[in-house]
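Have a look at the structure below, then the notes.
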Amino acid sequence: MYKKFLAGLGGAIALSLLHEVIRKNFDDVPEVNKVGEEALNKALDKVNITVTNEDQLYAATLAGDVLGNGIYYATTATGGFNLASGLLMGLGALALPEKMGLDSSPVNETTRKKVMTVAYYLFGAVVTKMLYDKLK
(Lines give C-alpha, C1' and ligand atoms only; values in the text may rest on other atoms or scores of the structure.)
Protein backbone atom coordinates (compact mmCIF):
# COMPACT_ATOMS: atom_id res chain seq x y z
CA MET A 1 0.00 0.00 0.00
CA TYR A 2 2.81 2.44 0.81
CA LYS A 3 4.19 1.97 -2.72
CA LYS A 4 0.86 3.10 -4.14
CA PHE A 5 0.87 6.14 -1.88
CA LEU A 6 4.45 7.05 -2.81
CA ALA A 7 3.64 6.70 -6.50
CA GLY A 8 0.48 8.77 -6.12
CA LEU A 9 2.36 11.44 -4.23
CA GLY A 10 5.03 11.45 -6.94
CA GLY A 11 2.40 11.90 -9.64
CA ALA A 12 0.75 14.71 -7.70
CA ILE A 13 4.07 16.49 -7.20
CA ALA A 14 4.88 16.10 -10.91
CA LEU A 15 1.46 17.55 -11.79
CA SER A 16 2.00 20.52 -9.45
CA LEU A 17 5.51 21.18 -10.78
CA LEU A 18 4.29 21.08 -14.37
CA HIS A 19 1.43 23.44 -13.56
CA GLU A 20 3.65 25.91 -11.72
CA VAL A 21 6.41 26.02 -14.35
CA ILE A 22 3.92 26.60 -17.15
CA ARG A 23 1.78 29.06 -15.15
CA LYS A 24 4.78 31.21 -14.28
CA ASN A 25 6.28 31.26 -17.78
CA PHE A 26 3.39 31.44 -20.25
CA ASP A 27 0.17 33.37 -20.85
CA ASP A 28 -3.34 32.00 -21.41
CA VAL A 29 -2.69 28.86 -19.38
CA PRO A 30 -4.74 27.23 -16.62
CA GLU A 31 -4.48 28.63 -13.11
CA VAL A 32 -5.78 25.70 -11.13
CA ASN A 33 -4.32 27.30 -8.03
CA LYS A 34 -6.87 30.13 -8.21
CA VAL A 35 -9.77 27.68 -8.16
CA GLY A 36 -8.19 25.89 -5.20
CA GLU A 37 -7.57 29.12 -3.31
CA GLU A 38 -11.18 30.21 -3.81
CA ALA A 39 -12.42 26.79 -2.67
CA LEU A 40 -10.24 26.88 0.44
CA ASN A 41 -11.40 30.35 1.42
CA LYS A 42 -15.02 29.39 0.79
CA ALA A 43 -14.63 26.34 3.05
CA LEU A 44 -12.89 28.38 5.74
CA ASP A 45 -15.69 30.96 5.63
CA LYS A 46 -17.94 28.26 7.10
CA VAL A 47 -15.87 28.36 10.29
CA ASN A 48 -15.29 32.13 10.24
CA ILE A 49 -11.65 31.92 9.17
CA THR A 50 -10.21 33.92 6.30
CA VAL A 51 -6.69 33.61 4.95
CA THR A 52 -5.70 37.04 3.69
CA ASN A 53 -1.97 36.47 3.30
CA GLU A 54 -1.54 35.41 -0.34
CA ASP A 55 1.59 33.36 0.33
CA GLN A 56 -0.10 31.42 3.13
CA LEU A 57 -3.20 30.84 1.02
CA TYR A 58 -1.08 29.63 -1.88
CA ALA A 59 1.00 27.30 0.35
CA ALA A 60 -2.07 25.82 2.07
CA THR A 61 -3.80 25.27 -1.25
CA LEU A 62 -0.72 23.68 -2.81
CA ALA A 63 -0.27 21.34 0.15
CA GLY A 64 -3.94 20.33 0.00
CA ASP A 65 -3.75 19.78 -3.76
CA VAL A 66 -0.67 17.58 -3.52
CA LEU A 67 -2.11 15.50 -0.69
CA GLY A 68 -5.58 15.18 -2.25
CA ASN A 69 -4.28 14.46 -5.73
CA GLY A 70 -1.74 12.02 -4.31
CA ILE A 71 -4.43 10.02 -2.53
CA TYR A 72 -6.63 10.07 -5.63
CA TYR A 73 -3.80 8.88 -7.89
CA ALA A 74 -2.70 6.23 -5.36
CA THR A 75 -6.16 4.70 -5.40
CA THR A 76 -6.93 5.01 -9.11
CA ALA A 77 -3.81 5.43 -11.26
CA THR A 78 -1.75 2.54 -9.88
CA GLY A 79 -3.94 -0.11 -11.49
CA GLY A 80 -5.54 -0.62 -14.87
CA PHE A 81 -7.57 2.58 -14.46
CA ASN A 82 -4.58 4.94 -14.80
CA LEU A 83 -5.31 6.93 -17.97
CA ALA A 84 -9.03 7.01 -17.32
CA SER A 85 -8.40 8.30 -13.80
CA GLY A 86 -6.34 11.21 -15.15
CA LEU A 87 -8.94 11.98 -17.80
CA LEU A 88 -11.79 11.91 -15.27
CA MET A 89 -9.86 14.07 -12.83
CA GLY A 90 -9.16 16.62 -15.56
CA LEU A 91 -12.77 16.68 -16.68
CA GLY A 92 -13.81 17.07 -13.05
CA ALA A 93 -11.49 20.05 -12.72
CA LEU A 94 -13.41 21.64 -15.59
CA ALA A 95 -16.94 20.71 -14.53
CA LEU A 96 -16.94 20.91 -10.74
CA PRO A 97 -15.92 24.51 -9.97
CA GLU A 98 -19.11 26.01 -11.37
CA LYS A 99 -21.25 23.36 -9.65
CA MET A 100 -19.52 24.26 -6.38
CA GLY A 101 -20.22 27.97 -6.81
CA LEU A 102 -16.63 28.78 -7.77
CA ASP A 103 -15.22 30.83 -10.63
CA SER A 104 -14.32 28.33 -13.35
CA SER A 105 -12.64 30.85 -15.67
CA PRO A 106 -9.10 30.06 -14.47
CA VAL A 107 -9.46 26.61 -16.07
CA ASN A 108 -12.43 27.03 -18.43
CA GLU A 109 -12.01 30.44 -20.02
CA THR A 110 -10.50 29.22 -23.31
CA THR A 111 -10.26 25.97 -25.21
CA ARG A 112 -6.50 26.06 -24.64
CA LYS A 113 -6.99 26.21 -20.87
CA LYS A 114 -9.49 23.36 -20.96
CA VAL A 115 -7.21 21.08 -22.98
CA MET A 116 -4.18 21.92 -20.85
CA THR A 117 -6.08 21.33 -17.60
CA VAL A 118 -7.09 17.84 -18.70
CA ALA A 119 -3.55 17.19 -19.97
CA TYR A 120 -2.07 18.15 -16.58
CA TYR A 121 -4.14 15.54 -14.78
CA LEU A 122 -3.42 12.92 -17.43
CA PHE A 123 0.28 13.66 -16.96
CA GLY A 124 -0.05 13.12 -13.21
CA ALA A 125 -1.75 9.78 -13.76
CA VAL A 126 0.93 8.62 -16.21
CA VAL A 127 3.74 9.63 -13.85
CA THR A 128 1.97 7.81 -11.01
CA LYS A 129 1.66 4.62 -13.03
CA MET A 130 5.30 4.80 -14.17
CA LEU A 131 6.52 5.31 -10.60
CA TYR A 132 4.32 2.53 -9.28
CA ASP A 133 5.59 0.09 -11.92
CA LYS A 134 9.17 0.94 -10.88
CA LEU A 135 8.41 0.52 -7.17
CA LYS A 136 6.59 -2.82 -7.45
Fill in: Stepwise side chain to side chain contact (heavy atoms under 4.5 Å, CB included) check, Lys4 with Thr75
CA-CA 7 Å; Lys4 287 185 175 195; Thr75 58; over 6 Å; no
Measuring from [X]:[atom1] to [Y]:[atom2], what's the distance to the nearest 0.5 Å?
X: Asp45; Y: Asn48; atom1: CG; atom2: CG; value: 8.0 Å
X: Leu102; Y: Asn41; atom1: CG; atom2: CG; value: 11.0 Å
X: Glu54; Y: Thr61; atom1: CD; atom2: OG1; value: 11.5 Å
X: Glu98; Y: Leu96; atom1: CD; atom2: CG; value: 10.5 Å
X: Arg112; Y: Phe26; atom1: CZ; atom2: CZ; value: 8.0 Å
X: Lys42; Y: Glu37; atom1: NZ; atom2: CD; value: 15.5 Å

Worksheet item: Leu131 and Leu6: side chain to side chain contact (heavy atoms under 4.5 Å, CB included), yes or no, with the steps?
Response: CA-CA 8 Å; Leu131 289 172; Leu6 286 176; over 6 Å; no
Considering non-hydrogen atoms only, spot the tightest contact between [X] and [Y] and give its length.
X: Thr117; Y: Ala93; value: CG2-CB, 3.8 Å
X: Asn108; Y: Lys114; value: O-CE, 3.2 Å
X: Ala12; Y: Gly70; value: CB-N, 3.4 Å
X: Ser85; Y: Thr76; value: CB-OG1, 3.1 Å
X: Leu122; Y: Leu83; value: CD2-O, 3.4 Å
X: Glu38; Y: Asp103; value: OE1-N, 2.9 Å

Worksheet entry | Set of ring-ring contact (aromatic ring centres under 6.0 Å, His included) partners for Tyr121, sequence neighbours left out |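 Here no residue qualifies.
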Do [X] and [Y] sit in one hydrophobic cluster, given that two such residues count as connected whenever their side-chain heavy atoms are within less than 4.5 Å of each other, even indirectly?
X: Leu57; Y: Val35; result: no
X: Leu44; Y: Met100; result: no
X: Met1; Y: Tyr132; result: no
X: Val32; Y: Leu88; result: yes
X: Tyr2; Y: Leu135; result: yes

Discussion item. Other members of the hydrophobic cluster containing Leu17, with the 4.5 Å side-chain heavy-atom rule, please.
Written reply: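 When side chains under 4.5 Å apart are linked, the cluster holding Leu17 also contains Phe5, Leu9, Ile13, Tyr58, Leu62, Val66, Leu67, Ile71.
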Practice prompt. Can you establish whether the number of heavy atoms outside Lys134 located under 6.0 Å from its atom NZ is more than 12?
Written response: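 Atom NZ in Lys134 is not packed in, count stays at 12 or less.
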Fill in: Presence of salt bridge, Glu20 and Arg23, under 4.0 angstrom
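Salt bridge present between Arg23 and Glu20.
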Worksheet item: Do Thr110 and Asp28 have a side chain donor and acceptor closer than 3.5 Å?
Response: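 Yes, a side-chain donor-acceptor pair sits under 3.5 Å.
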Practice prompt. Spell out, as yes or no, whether a donor-acceptor pair under 3.5 Å connects the side chain of Tyr73 to the backbone of Val127.
Written response: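 Looks like no, no N/O pair under 3.5 Å.
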